[in-house]
Student: 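Dumping the structure here so I can ask a few things about it.
Everything numeric here is computed off the predicted structure, so don't read it as measured data. All values below were derived from every heavy atom in this structure, side-chain atoms included, with hydrogens, water molecules and symmetry-related copies excluded.
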Amino acid sequence: MMKKNLDSHGQKNGFPRLKHPYARFFRHKVTGLLMTGLIAGGLLGGCGIKSAGETIPTSGMKPGQKLTVIDMEAARQQVSDELVVQSIDKLGDVYARSWLSDEELIVERQNQLWIHNVKTNKERVLTPGRKALQLLAVVSPDQRHVFFTEGSTSSKYDIQGYILELSSGKVTSVGQLDMTNEVSWGDRDHLITGTPDGKIHLIGLDGKAEELSFQDPNHSELIAHVEKVGNAIFYTGNDKQGYPVLNRFTLNHPQAVTIAEGAMSFAVSLDGKSIAIEKRKWNTSEPARMIILDEQGKEKGIVGQGTLMSRGSWSSDGSKLAFSIYDEDQQGMRGLYVFDQSTGKTTPVTTDIQSYDSPTVWSPSARFLSMYQNISEGGKQLNQSYIVEFKKKQ
């Protein structure tokens, strides 16, 4: 992901569950139900979507839109351009964080970061010798650095950020971070983050922060999520009435413009040509919709809708978008889905993963997809991570 998006320090992509009294400040709770389905015919105009199985009307969808329910075993036999799940592996008592390669995944277990090999199941510590409570990790686009955070048992507000150089093991401090703001890689040499007072900072590999200058007539007090693609900066802002919008400015032209209204969350593909937004219409009973925009903000189509949904996650080549949805309607979309731009299809992945509020993370080649969820077992709340492997196209 160029956005090797770090889990947010806020509600949507929160801190991990710490084994100390401040646990609730660092991990989000996950609930939801899933089902299997395939969006076809009319969800993304002009994509030549093929249909399969029984087609039934779906409550809450626009006229002409339909949900096609297919048999998963039959789906595995479809032509090679289809997205097919090869396997789903479970990792108990860990939080999947970020991929170093198609074989190595950084996970957090009992407040320590480990490198887990998905082929051998062997693990090694990411930063030997460090004793603080380790929380989050996200790998840079070139897989040479890892941004990670550490917490303290003494104060729920004491969250420190660091950059690890993988080749040398050198660790550089970024300083104290605010819990309400996310941090992501803007490019291979910089992190980017918003601040509680509405500013945007670029942070270099030396740990030093540079404030970006921009003008926004409806300046937000809090910029929780920001992404950088080339010279373009995208961030969540507010309109004059205080409703959420997606804004953009460039380093050469710092005047921010609104490119999408009602954008609760967003994700920009690595090449900047596609933007996925969770769009809601306030003061209505309409469901939230996952909408694909082009780089100028023009709508290309709807790829999912429901009562609750996660932020989308683009594969590094921008060809696939992973997201999960829960719909109160029994015939609505529920589950983890992947939208494939090459085929125009939104495909169900699994019914086992019951999470719409945890981050999905692609491996560098998009062969693997990881996410985690909290589950209830024997009256106890446990965590479980999932590694989805997709079949190679022939």
Side-chain angles (χ1 to χ4, degrees), residues 1-3 5 12-13 39 42-49 61-62 64-65 182 184 186 192 194 200 214 216 218 220 223-239 243-251 253 255-282 284 286-306 308-325 333 337-347 359-360 362 366:
M1 348 186 318
M2 162 172 169
K3 303 314 107 22
N5 276 340
K12 258 216 175 192
N13 296 304
I39 298 301
L43 286 190
L44 191 64
C47 289
I49 300 175
M61 301 182 78
K62 292 182 178 180
Q65 293 181 333
E182 296 180 45
S184 64
I192 190 165
I200 296 176
F214 68 101
D216 183 346
N218 304 308
S220 301
I223 297 179
H225 182 54
V226 56
E227 297 186 16
K228 176 180 179 291
V229 180
N231 287 327
I233 309 296
F234 301 81
Y235 68 95
T236 49
N238 297 321
D239 62 14
Y243 293 118
V245 296
L246 173 59
N247 289 338
R248 181 187 62 195
F249 67 91
T250 67
L251 300 180
H253 298 87
Q255 179 64 50
V257 296
T258 296
I259 61 173
E261 298 179 349
M264 292 295 298
S265 67
F266 73 94
V268 187
S269 63
L270 179 62
D271 59 10
K273 294 182 179 180
S274 298
I275 307 169
I277 65 169
E278 173 196 350
K279 185 173 184 178
R280 292 183 180 272
K281 289 186 177 180
W282 297 99
T284 73
E286 293 187 24
R289 293 181 170 88
M290 184 67 72
I291 297 177
I292 307 298
L293 312 176
D294 66 15
E295 53 194 320
Q296 301 302 321
K298 181 180 179 181
E299 287 192 14
K300 299 168 67 175
I302 302 172
V303 299
Q305 63 182 37
L308 299 167
M309 65 177 60
S310 69
R311 177 186 300 153
S313 175
W314 289 103
S315 59
S316 60
D317 63 359
S319 66
K320 299 177 183 66
L321 177 79
F323 60 95
S324 52
I325 289 183
M333 295 179 70
Y337 294 83
V338 172
F339 167 65
D340 190 334
Q341 294 212 88
S342 66
T343 63
K345 290 187 177 181
T346 299
T347 303
T360 51
W362 291 96

Student: Between Arg248 and Gln296, does the side chain to side chain contact (heavy atoms under 4.5 Å, CB included) criterion hold? Intermediate values first, please.
Tutor: CA-CA 10 Å; Arg248 181 187 62 195; Gln296 301 302 321; 3.6 Å; yes
Student: Taking it one step at a time, do Thr258 and Asp239 satisfy side chain to side chain contact (heavy atoms under 4.5 Å, CB included)?
Tutor: CA-CA 9 Å; Thr258 296; Asp239 62 14; over 6 Å; no
Student: For Ser313 and Thr360, work out which heavy atoms get closest and say how close.
Tutor: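 So the minimum-distance heavy-atom pair works out to OG-O, 2.9 Å.
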Student: Is the shortest side-chain heavy-atom distance between Met290 and Leu321 below 4.5 Å?
Tutor: yes
Student: Let's go through Thr347 and Asp340 carefully: what are the C-alpha distance in whole Å and the side-chain angles of both, what is the deciding distance for side chain to side chain contact (heavy atoms under 4.5 Å, CB included) to 0.1 Å, and is it a yes or a no?
Tutor: CA-CA 8 Å; Thr347 303; Asp340 190 334; 5.9 Å; no
Student: Determine whether Val338 and Trp362 satisfy the following criterion, side chain to side chain contact (heavy atoms under 4.5 Å, CB included), listing intermediate values before the conclusion.
Tutor: CA-CA 11 Å; Val338 172; Trp362 291 96; 4.0 Å; yes
Student: Is any side-chain heavy atom of Asp216 closer than 4.5 Å to a side-chain heavy atom of Tyr235?
Tutor: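 Yes, side chains in contact.
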Student: Which pair of heavy atoms, one from Arg311 and one from Glu182, lies closest together, and at what distance?
Tutor: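 Closest approach of Arg311 to Glu182, heavy atoms only: NH2-OE2, 2.7 Å.
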Student: Are any non-hydrogen side-chain atoms of Ile233 and Ile192 less than 4.5 angstrom apart?
Tutor: yes
Student: So which heavy atom on Val245 is nearest to which on Glu261, and how close?
Tutor: CG1-CA, 4.0 Å
Student: Can you check whether Leu246 reaches Phe234 side chain to side chain, under 4.5 Å on heavy atoms?
Tutor: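 Counting from C-beta outward, Leu246 and Phe234 do come under 4.5 Å.
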Student: What pair of heavy atoms forms the shortest contact from Pro287 to Gly306, and how long is it?
Tutor: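 So the two residues come closest at CB-O, 3.6 Å.
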Student: Answer yes or no: is there an ion pair linking Arg289 with Glu299, defined by an N-O contact shorter than 4.0 Å?
Tutor: no
Student: Give me the atom names and distance for the closest heavy-atom approach of Pro244 to Met264.
Tutor: CG-SD, 3.7 Å
Student: Tell me whether Ser274 contacts the main-chain N or O of Ser269 through its side chain, where contact means a donor paired with an acceptor under 3.5 Å.
Tutor: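 No, Ser274 side chain to Ser269 backbone: no donor-acceptor pair under 3.5 Å.
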Student: Mind checking the CZ-CG spacing from Phe266 to Asn247? Nearest 0.5 Å is all I need.
Tutor: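 The CG atom of Asn247 is 9.5 Å from CZ of Phe266, to the nearest 0.5 Å.
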Student: Taking the side chain as everything from C-beta on, heavy atoms only, tell me whether Leu293 gets closer than 4.5 Å to Ile277.
Tutor: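 With C-beta onward as the side chain, the pair touches.
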Student: Would you check if the side chain of Glu227 reaches a backbone N or O of Val268 as a donor-acceptor pair within less than 3.5 Å?
Tutor: yes
Student: Using the ring of each side chain (for Trp, its six-membered ring), is Phe323 parallel, tilted or perpendicular to Tyr337, with breaks at 30° and 60°?
Tutor: parallel
Student: Parallel, tilted or perpendicular for Phe249 and Phe214, by the 30°/60° rule?
Tutor: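 Answer is parallel, since the angle falls under 30°.
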Student: Between Ser324 and Ser310, is there a side-chain donor-acceptor contact under 3.5 Å, judged purely by atom types and distance?
Tutor: yes
Student: What are the two closest heavy atoms between Met309 and Ala288, and how far apart are they?
Tutor: CE-O, 3.4 Å
